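Okay, so here's the structure we're looking at.
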Number of protein chains: 2
Amino acid sequence: MTAARTGRTQAHRREQSRTALLESAARALSTYGYTNVNLERVARDAGYTRGALYHSFGGKEQLALAVVEWVDETWHSEVRGALREHQEDAASLVREIARAHARFCRRDIAGVMTTLRVEFAGQQHPVGEAVARATRKVVDDCTRLVEAGRQDGSIPEGPPADVVARAVVGAVEGLTIYLGGAAPHDELLADQAVVGLLSL
Amino acid sequence: MTAARTGRTQAHRREQSRTALLESAARALSTYGYTNVNLERVARDAGYTRGALYHSFGGKEQLALAVVEWVDETWHSEVRGALREHQEDAASLVREIARAHARFCRRDIAGVMTTLRVEFAGQQHPVGEAVARATRKVVDDCTRLVEAGRQDGSIPEGPPADVVARAVVGAVEGLTIYLGGAAPHDELLADQAVVGLLSL
DNA sequence: AAAGATACGTACACGTATGTATGTTAAGCA
DNA sequence: TGCTTAACATACATACGTGTACGTATCTTT
């Protein structure tokens, strides 16, 4: 009954190790990018060795893919999902998302997507494609909102909706990077940028 | 008199090789980043081998530094310098710069700075620091313009000038990346974003 | 409690890319 | 025309990190 004594069953132990590795990997990927990530350092920062890492993940690529999936889910639950119930006009919703996204970007894990997207831009790599898919979801979502806003009259006409949507997502992302989480200005300026891009 | 026959003096030959290597390196750095750059590929794409590269440049780091310097000079002469004579109000000048920057970003070499900045963000690497210095020059320049605009009344009050300047530079950069040189919308939307950020 | 399974550590093989040392060709100069 | 130097190519040494094989410790099951 060693499990009861230590309070750690195998499943619990595994899950704990896995999340510790994931968090460490997210920080490392955000800081160093995919290629420059050292799996030994990732494991050591989590309190393990590369052996543990290769036991829980297939390798560097699978680890990165797991991190991307994790960050993507976190974004959707904390940024997008938190605004589902709001039933305002589309323009206000885009502005709300931009502000929530700016707040999300203050956390260190947020940089994972940006770093990986830039690193794999122009290549065709599984990790880069996973990031591109996640980004595309956000842009498509924003595109629909712009189209909706132009129908309900809250957003005036302008460039094609998908172009505007890409501009919004890109501007907010670039802006938050340069501000480096300078609250509360990041949130305010993200909003201002969206106002300008949507000609509100 | 072989030089006269081939029309290539040593100095000319060296300069030609150097620029060919620089251009190839700029494309490669923009696409693959610093770590993933393969010097053999860089040299081959320029029509040489690594021997030629190591003859003209001290190594990978020196090559990257030379590329950064070259891109920085190009930016200043084509984006900033081209607007020196215009004596409009500061707000219009910022908007002009944003538009010119968007046009500049359509070219493949523009991505060098973005790629390297993201790759070396959080580290202290000579190349990263060179990029940071170049970026800082742009931001400082923009900061002065915002301050000037608030004095001549063309830009209303708001967050600190340096914060607004960082937001402007970051937003335009992120925006142009996401649009991927989708003329003419990139230029228009960069302008719109600046209008929003400056509350014009 | 013993045997099996799972979590994790250690050691090594392998590929890849940089840097350097050495060779070869082309240009400047007597 | 022959010698010197610069431009460039080739070959080798080295370092680094990934992946994998194997060993050890901890948990589970009967």
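Within every chain, numbering begins at 1; the chains are lettered A, B, ... in the order of the sequence lines, protein sequences first and strands thereafter. In this text, all values refer to a predicted model and were calculated from it rather than measured experimentally.
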Would E173(A) and T135(A) count as a side chain to side chain contact (heavy atoms under 4.5 Å, CB included) here? Give the steps. CA-CA 11 Å; E173(A) 179 177 304; T135(A) 304; 5.9 Å; no

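- Interatomic distance, CE of M113(B) versus CG of L29(B), reported as 11.0 Å (0.5 Å rounding).
- Ranking dA7(C), dT18(D), dT18(C) by closeness to the Y54(B) side chain, first place goes to dT18(C).
- In this structure the side chain of E88(A) never reaches within 4.5 angstrom of the side chain of S154(A), judged on heavy atoms.
- Taking the side chain of H55(A) as heavy atoms from C-beta on, and the options dG19(C), dA9(D), dC8(C), the nearest nucleotide is dC8(C).
- Ring geometry for F120(A) against H125(A) counts as parallel: the plane angle stays under 30°, on a 0 to 90° scale with 60° as the upper cut.
- Side chain of T49(B), nearest nucleotide from dG19(C), dA7(D), dT10(D): dT10(D).
- Computed from coordinates, the R41(B) CZ to dT16(C) P distance equals 12 Å when rounded to whole Å.
- Toward the 5' end of DNA chain D, the nearer of the two residues Y34(A) and L53(B), judged by each one's closest nucleotide, is L53(B).
- Contact annotation for V42(A): no contact, since no heavy-atom pair falls under 4.0 Å across all strands.
- Rounded to whole Å, the distance from NZ on K60(A) to P on dC16(D) is 15 Å.
- In this structure, the nucleotide among dC8(D), dG19(D), dA7(D) sitting nearest to the side chain of A52(B) is dC8(D).
- What separates CG of N36(A) from C1' of dC16(D) is a distance of 12 Å, to the nearest Å.
- For S17(A), the side-chain atoms get nearest to dC8(C) when compared with the rest of dC8(D), dC8(C), dG17(D).
- One interatomic measurement links the two molecules: CG of N38(B) to P of dG15(C), which rounds to 17 Å at whole-angstrom precision.
- Residue R50(B) contributes atom CZ, which lies 14 Å from atom C1' of dT22(C) at whole-angstrom precision.
- Regarding F57(B), its CZ atom lies at a distance of 14 Å from the P atom of dG19(C), rounded to whole Å.
- Closest contact between the side chain of Y48(B) and the listed nucleotides dA7(C), dA9(D), dG17(D) involves dA9(D).
- For the pair R44(B) CZ and dC8(D) P, the interatomic distance rounds to 18 Å; values are reported in whole Å.
- Put simply, CD on E40(B) is 17 Å from P on dG15(C), counting in whole angstrom units.
- Taking the charged nitrogens against the carboxylate oxygens, R80(B) and D141(B) do have a contact shorter than 4.0 Å, which makes a salt bridge.
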